[in-house]
Amino acid sequence: MNLPGDTCADFTRHGEACWQIPEMIGTGIFKQIEFRSGFYLFIADYQVKQHCEWDIVFNRSGFGIEFCVSGQMQGRYTGMDLSVLLREGHSPLCYFPCLSVTGEDIKDTRRFSFSIIIEPKVFNTLVGGDCKHFPMAFRSIVDGTREYSYYQPGEITPEILSTLESILRCPLTGPTRRLFLESRILDLIARRLQQLDECSNTYPDDGGITLSDVEKIHQAASLLAKNMKNPPTLFNLARSVGISHAKMNRGFHQVFDTTVFGYLRKIRLQQAKQLLENHQMNVTEAAFGVGYNSLSSFSRAFFKQFGKNPHRFIRNRFAGRLTNSKPSS
């Protein structure tokens, strides 16, 4: 996304800039606020008319916190081979030695998100150098021991959502507006870091997962999809992608919001549903075709996932086709 130079001049004077999305692309705005050097807020509220790809290059190291309020966006970050799907309610915390993001917006989907970017020196000032409560992987970045790409999924809590809404409702202008907004941004950072702290208490050795871990979790998910009929054991799956059993379980929760078995069940049922929709198999064939050894277990799982048992699903689909194929009078 290339931003016009004359608008950048306005940003220099007032510390806040707003760009209108070109009508040929869609509707909405993209706003940038600089509170101080190395401390930024970006607000995106737009809807594109067609599939849209864009690039953002920061060319500096930085911490990033995203709050996706509405819509979804597929993103690929520096040092990451696989893309991450950012959906409504997600709030990832990241660190990148050189921030560069390639993103994709889906046609006719409203994207409404807040992004905070903080350079390391500013971040260290904010936390006062006290990072002993952070997970080991994140702590080593903050204290300067190591530098590598880091990604830790999170969620928008009701308290965070309330703070985001207060930013949009800000009635103030001038310097008082800047003070008000910065105080709210600091509140967001504190609440998101609290989630990281809680994660550290749960997993003392490593509460977050790195971008390399995210890639391995996606590799494990691909292996499950390819071998859903005869899936590997959890330990063999973890070993095959080079990750610990505990971190793989934690990673599936953070990346896919479910367990390894929950993910396997989901893709099995989606595949079975597609087989039934296309009339490629009957219920029994579909059940055994995706790895179920019990027809009753398959029927219960299918009903829980789609709200209908598989036989009723087939009948409804068949009835719908008959209705659509009747000649009009």
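Values below: every heavy atom of this structure, side chains too, minus hydrogens, waters and symmetry copies.
With sequence neighbours excluded, the residues that form a side-chain contact (heavy atoms from CB on, under 4.5 Å) with Phe235 are Thr233, His245. For Phe288, there are no ring pair (Phe, Tyr, Trp, His ring centres under 6.0 Å) partners, not counting sequence neighbours. A search for side chain to side chain donor-acceptor pair (under 3.5 Å) contacts involving Ser140 returns Tyr148, not counting sequence neighbours. Residues meeting the ring pair (Phe, Tyr, Trp, His ring centres under 6.0 Å) test with Phe256, sequence neighbours left out: His218, Phe252, Tyr263. Residues that satisfy the ring pair (Phe, Tyr, Trp, His ring centres under 6.0 Å) test with Phe63, not counting sequence neighbours, are Tyr95, Phe123, Phe138. Under the salt bridge (Lys or Arg N to Asp or Glu O under 4.0 Å) criterion, Arg268 pairs with no residue, sequence neighbours left out. Evaluation of the side chain to side chain donor-acceptor pair (under 3.5 Å) rule for Gln47 yields no partner, not counting sequence neighbours. In terms of the side chain to side chain donor-acceptor pair (under 3.5 Å) criterion, residue partners of Thr157 (sequence neighbours excluded) are, by chain and number, Glu159. With sequence neighbours left out, Ile25 forms a side-chain contact (heavy atoms from CB on, under 4.5 Å) with Ile21, Pro22, Val48, Cys52. Not counting sequence neighbours, the partners of Arg36 by the side chain to side chain donor-acceptor pair (under 3.5 Å) test are Glu182. With sequence neighbours left out, Phe180 forms a ring pair (Phe, Tyr, Trp, His ring centres under 6.0 Å) with no residue at all.
Judged purely by atom type and a 3.5 angstrom limit, Ser162 has no side-chain atom pairing as donor or acceptor with the backbone of Pro158. Under the 3.5 Å distance criterion, the side-chain polar atoms of Arg192 are matched with a main-chain donor or acceptor of Ser91. Side-chain atoms of Asn227 never come within 3.5 Å of backbone atoms of Asn230 as a donor-acceptor pair (strictly under, hydrogens ignored).
Other residues, nucleotides and ligands place more than 12 heavy atoms under 6.0 Å from the NZ atom of Lys49.
Rounding to the nearest 0.5 Å gives a distance of 3.5 Å between CD of Gln72 and CD1 of Ile106.
Applying the salt bridge (Lys or Arg N to Asp or Glu O under 4.0 Å) rule to pairs touching residues 108-128 yields Asp45-Arg110, Arg60-Glu119, Glu66-Arg111, sequence neighbours excluded.
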